[in-house]
Amino acid sequence: MPELPEVETTRRGIAPHVEGKKVIKVIVRQPKLRWPISPEISTLLPGLTIKRVKRRAKYLLIETEKGTLIIHLGMSGSLRVINANILPEKHEHIDIIFNDNKCLRYKDPRRFGCLLWTSTPIQQHKLIQHLGPEPLSDAFDLANFYPKAKSKKVAIKRLIMDGHIVVGVGNIYASEALFLSGIHPKRTANNISKTRLSNLVIAIKDILAQAIEQGGTTLKDFVNSEGKPGYFQQTLNVYGRAKQPCTHCKTPIKQIVIGQRSTFYCPQCQR
DNA sequence: CGAGCAACCTGCATGC
DNA sequence: TGCATGCAGGTTGCTC
């Protein structure tokens with residue numbers, strides 16, 4: 001599921017239900033995720049109160065007075081807040097139960113996600129400290145992006161998916177942003193004009209902001225915090241539309257592989 | 001520095 | 001109906 005808009009939608013969905021709540025119990029049915037679940041989540045978290053739910057890149061950061069729970073949803077993860085007495089279904093690996101009998105339940109069929117604990121400042125965490133700017137912040141702009149693009153000899157699609165350059169641009173929105181800015185996904189980053197790179201920065205911000213507004217574009221197994229399926233795939237111009245007509249010029253959309261990831265583009269509109 | 005790939009997993013669509 | 005194959009929204013970390 002998770003592109004950045006889904007993670008942000010999840011954050012907004014769960015925050016009102018967990019902030020200020022005291023954790024009374026943690027149940028781990030399956031500790032084997034991408035990395036084993038940090039033991040502190042079972043031993044230290046119960047008794048602590050959730051202060052804030054933040055997000056950095058696609059990491060959800062659940063802050064307490066003694067440390068931060070770092071959650072990544074991987075490819076197929078989801079979180080929802082439910083009554084604690086509802087029986088877990090398949091692949092629902094972790095419950096964090098609060099003092100009001102509500103439960104933050106983590107589901108992840110493919111188990112590519114993670115739940116980690118850190119007691120030191122979050123900026124020092126190995127997974128967080130080298131991350132590039134947030135795409136929707138002022139820190140990601142042409143002044144920041146242009147010199148990086150000009151110094152890199154990689155396909156532009158790989159560049160915008162590189163978390164050192166900008167975080168949160170996943171495989172769906174990389175294709176979509178390049179379509180919106182008229183750039184061929186294989187074009188070398190250092191071979192794109194300043195004007196077009198400026199358009200790309202704007203397109204990345206636009207497409208992500210728009211998706212967040214819609215509550216998250218997603219594929220089939222996204223379940224939001226209310227338990228409703230999110231399915232807004234029809235808003236996509238190129239992703240998943242191989243051989244279908246371009247929404248702009250009717251030319252059939254092409255599908256190629258860049259960096260082992262499926263990539264979609266219009267051969268007419270994108271150069 | 002950059003490219004390629006293996007790894008971590010299950011579910012689903014497709015084709016025989 | 002059953003089985004093999006390939007593919008899927010992410011990210012790290014290794015080799016060449």
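- Ion pair A:R29/A:D95 flagged as a salt bridge, since at least one NZ, NE, NH1 or NH2 atom sits closer than 4.0 Å to an Asp/Glu carboxylate oxygen.
- Here B:dT10 presents its P atom at 18 Å from CD of A:E89, a figure rounded to the nearest Å.
- Distances were taken from every side-chain heavy atom of A:Y59 (C-beta onward) to each of C:dG9, C:dT11, B:dG11; the shortest belongs to C:dT11.
- For A:H72, counting side-chain heavy atoms from C-beta on, the closest listed nucleotide (C:dT11, C:dG13, B:dA6) is C:dT11.
- B:dC9 has no base stacking with the ring of A:F112 when judged by centroids under 5.5 angstrom apart and an interplanar angle below 30°.
- Annotation: C:dG6 and B:dA6 have their P atoms spaced 13 Å apart (nearest Å).
- Protein atom CD of A:Q260 is 13 Å distant from nucleotide atom C1' of C:dT12, rounded to whole Å.
- Contact between the side-chain N/O atoms of A:R261 and the OP1/OP2 oxygens of C:dG9 is found at a separation under 4.0 Å.
- Rounded to whole Å, the separation between the P atoms of C:dC3 and B:dC9 comes to 24 Å.
- Each of C:dG9, B:dG11, C:dT12 was ranked by its minimum atom distance to the side chain of A:R34; first place goes to C:dT12.
- OP1 or OP2 of B:dC8 has not a single side-chain nitrogen or oxygen of A:K32 nearer than 4.0 Å.
- A:I128 and A:V7 fall into different hydrophobic clusters, defined by Ile, Leu, Val, Met, Phe, Trp and Tyr side-chain heavy atoms under 4.5 Å apart, directly or through other members.
- Per the geometry, CE belonging to A:M75 stands 6 Å off P belonging to C:dG9, to the nearest Å.
- Interface remark: the A:R110 side chain does form a donor-acceptor pair with the C:dA8 base, using a distance-only criterion of under 3.5 Å.
- Rounded to whole Å, atom P of C:dT11 lies 11 Å from atom CD1 of A:I128.
- Side-chain N/O atoms of A:R111 include one lying less than 4.0 angstrom from OP1 or OP2 on B:dT10.
- The partner of B:dT10, taking Watson-Crick or G-U wobble pairs whose two distances both stay under 3.5 Å, is C:dA8.
- Residue A:K153 has no polar side-chain atom (N or O) positioned under 4.0 Å from OP1 or OP2 of B:dA3.
- By the 4.5 Å heavy-atom criterion applied to side chains, A:V169 and A:F140 are not counted as neighbours.
- At a threshold of 4.0 Å, the pair A:R105-A:E89 does not count as salt-bridged, since none of the basic side-chain nitrogens sits closer than that to a carboxylate oxygen.
- A:I97 and A:L69 fall into different hydrophobic clusters, where Ile, Leu, Val, Met, Phe, Trp and Tyr residues are linked whenever their side-chain heavy atoms come under 4.5 Å apart, directly or through other members.
- For B:dA3, neither phosphate oxygen OP1 nor OP2 lies less than 4.0 angstrom from any side-chain nitrogen or oxygen of A:K186.
- Between A:Y106 atom OH and B:dT10 atom P the separation is 13 Å, expressed in whole Å.
- Between A:K152 and A:L33, the residue anchored nearer the 5' end of DNA chain B, judged by the nucleotide with its closest heavy atom, is A:K152.
- The listed nucleotides are C:dG10, C:dA8, C:dG13; the one nearest the side chain of A:K58 is C:dG10.
- Between A:R55 and A:E8 there is a salt bridge, with a side-chain nitrogen of the basic residue lying less than 4.0 Å from a carboxylate oxygen of the acidic one.
- Rounded to a whole Å, the NZ atom of A:K126 is 9 Å from the P atom of C:dT12.
- Rounded to whole angstrom, the span from the NE2 atom of A:H91 across to the P atom of C:dA8 amounts to 20 Å.
- Remark: C1' of C:dT12 and CH2 of A:W35 are 6 Å apart, rounded to the nearest angstrom.
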